[in-house]
Amino acid sequence: MSQHALLSAGTKSWRSLACSRSELRLDLTLGCGQSFRWRETGDGHWTGVMGGRVWTLTQTDDTLWYHTYNSPNTIGGDGRKRSAGSLLQGSGKRSKGVIEVKEEEEGEPVAVTPDPDRKEEELLNDYFQLKVKLGDLYRDWGAADPHFNSIAKIFTGVRMLRQDPTECLFSFICTSNNHISRIQGMVERLCQSLGTPLCQLDQTSYHDFPSLHALADNSVEARLRDLGFGYRARFLQQSARQILDSHGGPHWLQGLRSAPYLQARDALRTLPGVGPKVADCVCLMSLEKACVVPVDTHVWQIAKRDYSCAAGNGQKSLTDKVHRQIGDFFRQLWGPYAGWAHSVLFCSDLKKFQKLKETHCLKQEEEKKKVKIKVEGEGMTKKIKKMCNRKVKMCVKEEVG
DNA sequence: TTCGGACCTCG
DNA sequence: GAGGTCCGA
């Protein structure tokens, strides 16, 4: 049996939070290239490391379900033999918005892993920034931007994570000249090679993200080159060394959360391997700078193609000035959470999510047919039929375009 | 400020 | 070429 938790299998203990899909879509949020540590380990089940522990997350319409695994050296490990129980039917217990599902072993209830201080709930709330009401933000962005509005119908629940700054910084140093799937592999090798092991599930060993000390060791560059990091190997080691030697450690990175955006960005850019794009990603995704729009060639294309944004027209490469102009353009359009809005558009442009647009388009076609039948059935005038069809066509066009 | 080339590897 | 950065001119 799979050691990775599966909600339907009923062999593991799950807890849950009330959270609708419009507030959070796991597949989009965890797969759009913000974090590189989550894998789909079962249908709609995402397993990864966060806050020093291994999690499996999944969701139903109004609920976010989570399971955490005990590492081997903590009490009550997960290696015990478990039998499948019918835990989802009627054994859920609700307390202060938390549902505790008790697992059963040979008919006898087994105690769920206790979470008396609700630490895990807090970690999830913090990581997904669930206090920020995404529905309200989508409404505001849609009102200000028709193009966003058309995308938003398909790409709901794309939310900015609040990641650990060290993990975010060193992951994004790996992103230059690179694409998501390869970055995922690199970050995984980085953790397996230099991070503390947490637990093993179905031949996959999960490790914590490496500490600055582990990354700063002189042997790291050669080791990472062997693991296929190329020129980025030196950047990783040197940036870690610089943070330890010149700034005193991870505390410095955390401290940038309370610094203004430009100050934080400039501080990050003193590190080797950190240019405007990487610095902006770290600011947005781990340092609470929600207004920051990281600009890469991709976002530049979106600005030109979908917004006729003239910034950088005639330019061959993304200069600092073009970065600033495009960032300002989107900030003006979307407001203080512009970085969050940018991630929705970014997500909708990813190859792996194109199917979502197609299926949505098919649904629209079906709606169109239904409307047509209804109109004909009600014997409306030709003029009204025409108007109605045009409206549906416009809607479809908007979705596709 | 801007530009081109180099840096790594892979599909 | 890819979801970039660094370096020298």
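For clarity, every value in this text was computed on a predicted model and none was experimentally measured. We name chains A, B, ... by the order of the sequence lines, and we start the count at 1 in each one.
Contacts classified as side chain to side chain donor-acceptor pair (under 3.5 Å) and involving residues 344-356 of chain A (residues at least two apart or in different chains) are given here: A:His298-A:Asp349, A:Arg305-A:Asp349, A:Gln354-A:Lys357. For residues 150-183 of chain A, the pairs satisfying ring pair (Phe, Tyr, Trp, His ring centres under 6.0 Å) are A:Phe36-A:Phe172, with sequence neighbours left out. Among residue pairs with one or both ends in residues 216-237 of chain A, those qualifying as ring pair (Phe, Tyr, Trp, His ring centres under 6.0 Å) are A:Tyr231-A:Phe235; sequence neighbours excluded. Within the structure, ring pair (Phe, Tyr, Trp, His ring centres under 6.0 Å) pairs that include any residue of residues 240-280 of chain A comprise A:His247-A:Trp252 (at least two apart or interchain).
Shown here are the side-chain hydrogen bond (donor to acceptor under 3.5 Å, both in side chains) partners of A:Asp328, two or more places apart in sequence or in another chain: A:Arg331. For the side-chain hydrogen bond (donor to acceptor under 3.5 Å, both in side chains) test, residues two or more places apart in sequence or in another chain that qualify with A:Trp334 are A:Asp145. Take A:Arg232 and apply the side-chain hydrogen bond (donor to acceptor under 3.5 Å, both in side chains) test, not counting sequence neighbours, and it matches no residue. Partners of A:Arg225 by side-chain hydrogen bond (donor to acceptor under 3.5 Å, both in side chains), not counting sequence neighbours, listed by chain and number: A:Glu221.
Taking a 6.0 Å sphere around CG of A:Asp43, one finds it holds 12 or fewer heavy atoms contributed by other residues, nucleotides or ligands.
Test A:Thr47, A:Thr41, A:Asp202 against A:His4 for side-chain hydrogen bond (donor to acceptor under 3.5 Å, both in side chains) and you get one pass: A:Asp202. A ring pair (Phe, Tyr, Trp, His ring centres under 6.0 Å) with A:Tyr307 holds for exactly one of A:Phe148, A:Trp300, A:Phe330; it is A:Phe330.
Residue A:Thr319 is classed as a sugar-phosphate contact, given heavy-atom separations below 4.0 Å to backbone atoms only. The residue A:Cys174 sits apart from the nucleic acid: no heavy atom pair falls under 4.0 Å. Within the 4.0 angstrom heavy-atom criterion, no nucleotide atom of any strand lies near A:Leu318. No contact: A:Ile183 has no heavy atom under 4.0 Å from any strand. Residue-level contact check: A:Leu271 touches the backbone only, with heavy atoms under 4.0 Å from sugar-phosphate atoms and none from bases. Base engagement by A:Gly33 is indicated by at least one non-hydrogen atom pair under 4.0 Å involving a base atom.
Taking 4.0 Å as the cut-off between side-chain N and carboxylate O, A:Arg269 and A:Asp320 count as a salt-bridged pair. Salt bridge status for A:Arg139 with A:Asp136: present, with a side-chain N to carboxylate O gap under 4.0 Å.
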Exercise for the section: Heavy atoms under 4.0 Å is the rule here; annotate nucleotides 6-11 of chain B 5' to 3' with B where the base is hit, S where only the sugar-phosphate is, and - elsewhere. Expected result: -BBB--
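C:dG8 and B:dC8 have their P atoms separated by 16 Å, with the value rounded to a whole Å. The same atom, P, is picked in B:dG4 and in C:dG1; the two are 15 Å apart, to the nearest Å. For the C1' atoms, the distance linking C:dC6 with B:dC10 amounts to 23 Å, nearest Å.
Nearest-nucleotide mapping onto DNA chain C: of A:Arg269 and A:Phe36, the residue sitting toward the 5' end is A:Phe36. In this structure, A:Val274 and A:Phe172 both approach DNA chain C, and ranking their closest nucleotides by distance from the 5' end singles out A:Phe172.
Protein chain A contacts DNA chain C over a range whose 5' and 3' limits, counting nucleotides with an atom under 4.0 angstrom from a non-hydrogen atom, are C:dA2 to C:dC6.
Between the side chain of A:Gln59 and the main chain of A:Leu24, a donor-acceptor pair closer than 3.5 Å is present.
Residues from residues 279-300 of chain A placing a heavy atom under 4.0 Å of any atom in DNA chain C, listed by number, are A:Asp296, A:Thr297, A:His298.
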Exercise for the section: Kindly express the pairing pattern of DNA chain B in dot-bracket notation, using | wherever a base pairs with another strand and counting only Watson-Crick or G-U pairs under 3.5 Å. Expected result: .||||||.||.
